[in-house]
Amino acid sequence: MKYDVVIGLEIHAELSSKSKVFCQCAQQFGGEQNTRCCPRCSAMPGTLPLLNRTAVEYAVIAGLCLNCDINAFSAFDRKNYFYPDLPKAYQISQFFYPICTDGCVDIGSKTVRVNRIHIEEDAGKLIHDEYAGISLADYNRCGVPLIEIVTEPDMTCADEAIAFVEAVASRLRYAEVCDAKMEEGSIRCDVNISLKPEGSDVLGTRAEIKNLNSLKSISRAIEYEIKRQSDLLDRGERIIQETRRFNDNNGRTLSMRSKEEAHDYRYFPEPDIPAIMFDRTQIESIAAKIPMLPEQRLKIYVEEYGVSEVEAKIILTKKEYSDFFNAAVAEYPNYKSTSNLIVVEVFRLINDNGCDGDFKFTPQSLAKLIKMLDEDIITKAAQKTILSVMFERGGDPETIAKDMGLVIVNDSEGVANAIKEVIDANPKAVGEYRSGQEKVFGFLMGQVARKVGKSATPALVREMLLKALK
Ligand code: ADP
Ligand code: MG
Ligand code: ZN
């Protein structure tokens with residue numbers, strides 16, 4: 001039988017505020033275990049949460065980036081469960097009144113609706129030492145601010161799910177509210193997936209695959225589930241609603257718990273944190289801080305700057321590159337040459353030599369280098385050479401050009417002498433040209449250019465020769 005695949009995602013994203021969400025401990029990836037903990041985030045009796053204003057602001061920014069409504073009223077709730085990675089025995093989350101609702105993200109082929117975004121705290125990490133038969137708890141991650149982005153079940157294949165995760169990650173990175181490094185767990189994804197008979201309006205029973213931490217595993221888990229569920233349905237069996245885990249080693253998903261065994265979280269309003277209230281002006285002032293997002297930049301690059309879509313998308317893969325490009329063209333607006341030089345030459349240098357993210361040269365010096373070629377101060381080949389020096393150790397392109405003897409001299413006296421010699425030595429060719437055989441010009445031009453060498457640009461040689469032949 002043929003089935004339609006239905007996918008909804010829940011994405012957890014760590015907000016990049018300097019401190020945790022309910023205490024002032026620093027939050028960073030890695031570090032010695034249990035060194036970024038205090039009585040609050042390790043849940044000592046009598047401590048109270050203190051809401052981090054920046055984390056709330058970042059959640060609002062994330063909501064705006066995903067076209068959500070920012071709710072004038074939102075509040076926290078307790079989600080009760082005991083597991084040793086969560087010393088309070090409850091997680092503070094938002095259940096009844098999330099901060100953002102009703103968003104949407106365009107992924108090219110379609111628009112995926114976002115049901116809600118809520119703020120919550122991350123749990124710690126357990127390290128299971130099977131050899132010693134013990135489990136160790138690291139509470140550094142306890143209380144790291146998270147947002148959970150919940151979509152409507154609008155996706156229908158692995159590619160769409162991945163396009164959605166990539167679009168969200170890119171927007172959060174551009175807005176600088178989450179570094180969205182899947183390999184460090186700063187975004188993680190739960191995939192809800194079900195099948196229904198082709199064309200049916202009724203949703204099938206879904207499985208939820210928890211905690212996928214790479215695009216590759218999202219895609220593999222979806223493919224595996226499509227196969228597993230369609231095999232069951234083909235055999236006339238029933239899909240049970242359950243939570244599953246993906247095993248990266250064998251590419252399979254495995255049942256963790258069924259709906260019957262699901263936790264009853266006994267949500268209730270968190271009594272220790274006041275509700276969050278926003279008015280329109282506060283939201284507008286937060287919105288004003290959001291840097292331009294990749295979609296808008298793409299439109300400007302292609303429609304206003306005339307950059308090809310392929311090059312524009314390459315530049316947009318990282319906000320750093322896009323900002324660099326913007327600063328360079330602000331200095332000297334040759335958009336096409338700038339994008340081309342970055343995409344072809346700078347990326348080649350990055351590929352060959354690696355790059356830790358920071359360039360040793362400034363956008364201003366790149367702009368100057370482009371201008372030098374446009375003004376015939378250097379040749380195209382010299383531009384490449386100078387760029388590789390700038391990439392390696394920075395510096396001013398004009399100084400580098402002078403030091404390396406790459407400046408075109410444009411010695412017009414030398415050119416005049418060379419022209420005279422060539423005209424004197426080739427009376428027949430000159431005569432032919434003057435009697436209208438313009439093809440001979442190339443030959444004469446070649447003669448002069450050979451004598452002139454690198455001391456003048458072809459443009460100057462051509463101009464002076466034309467004049468002399470009149
Ligand atoms: P829960 O709170 O139990 O996780 P939700 O109704 O909030 O359930 O849904 C969680 C996610 O599951 C959402 O992303 C939603 O789009 C998705 N989802 C819900 N029903 C289905 C279904 N039948 N098939 C696929 N995804 C679904
Ligand atoms: Mg869920
Ligand atoms: Zn703390």
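Atoms within each ligand, like the ligands themselves, are counted from 1 in listed order.
With hydrogens and angles ignored, the 3.5 Å screen pairs no side-chain donor or acceptor of Asp122 with any backbone N or O of Gly143. When atom types are taken as modelled, the side chain of Glu120 and the backbone of Glu148 share no donor-acceptor pair closer than 3.5 angstrom. A distance-only check finds no donor-acceptor pair linking the side chain of Asn340 to the backbone of Lys336 [under 3.5 Å]. At least one donor-acceptor pair under 3.5 Å links the side chain of Asn34 to the backbone N or O of Ala137.
Near Val150, the atoms of ligand 1 lying under 4.0 angstrom from a non-hydrogen atom of the residue are 13 (C), 14 (O). Of all atoms in ligand 1, numbered sequentially from 1 with element shown, those under 4.0 Å from a heavy atom of Glu152 are 16 (O). Here is the list of ligand 1 atoms found below 4.0 Å of a heavy atom in Gly204: 23 (N). Within the listing of ligand 1, atoms 14 (O) sit less than 4.0 angstrom from a heavy atom of Leu9. Residue Pro153 has at least one heavy-atom neighbour below 4.0 Å for each of these atoms of ligand 1: 16 (O), 26 (N), 27 (C). In the vicinity of Thr151, heavy-atom distances shorter than 4.0 Å reach the ligand 1 atoms 13 (C), 14 (O), 15 (C), 16 (O).
By the criterion of a heavy-atom distance under 4.0 Å, the side chain of Glu10, and not its backbone, is placed next to ligand 1. Residue-level proximity to ligand 1 for Leu203 is carried by the side chain, the only part with a heavy atom below 4.0 angstrom. Here Asn192 has heavy atoms under 4.0 Å from ligand 1 in both its backbone and its side chain. Residue Thr205 does not touch ligand 1, judged by heavy-atom distances below 4.0 Å.
For the salt bridge (charged side-chain N to carboxylate O under 4.0 Å, His left out) with Glu121, the lone residue among Lys88, Lys20, Arg40 that qualifies is Lys88. Screening Lys210, Arg206, Arg245 against Asp190 for a salt bridge (charged side-chain N to carboxylate O under 4.0 Å, His left out) leaves a single residue, Lys210.
Protein contacts to the Zn ion (ligand 3) involving N, O or S atoms at a distance below 2.8 Å are Cys23 SG, Cys25 SG, Cys38 SG, Cys41 SG.
Among residues at least two apart or in separate chains, side-chain hydrogen bond (donor to acceptor under 3.5 Å, both in side chains) pairs with a member in residues 123-133 are His128-Ser135.
For Tyr335, the ring pair (Phe, Tyr, Trp, His ring centres under 6.0 Å) partners are Tyr305, not counting sequence neighbours.
No hydrogens or angles considered: a donor-acceptor pair under 3.5 Å links the side chains of Ser322 and Tyr301. In the model, Glu14 has no side-chain atom that pairs as donor or acceptor with a side-chain atom of Ser186 under 3.5 Å.
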For residues 54-70, please give each side-chain donor-acceptor pair under 3.5 Å, one per line with the distance, not counting sequence neighbours.
unit_1 : atom_1 : unit_2 : atom_2 : d
Glu57  : OE2    : Lys289 : NZ     : 2.9
Asn67  : ND2    : Cys104 : O      : 2.8

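Comparing heavy-atom distances from atom 20 (N) of ligand 1 across Arg206, Lys196, Glu148 singles out Arg206 as nearest.
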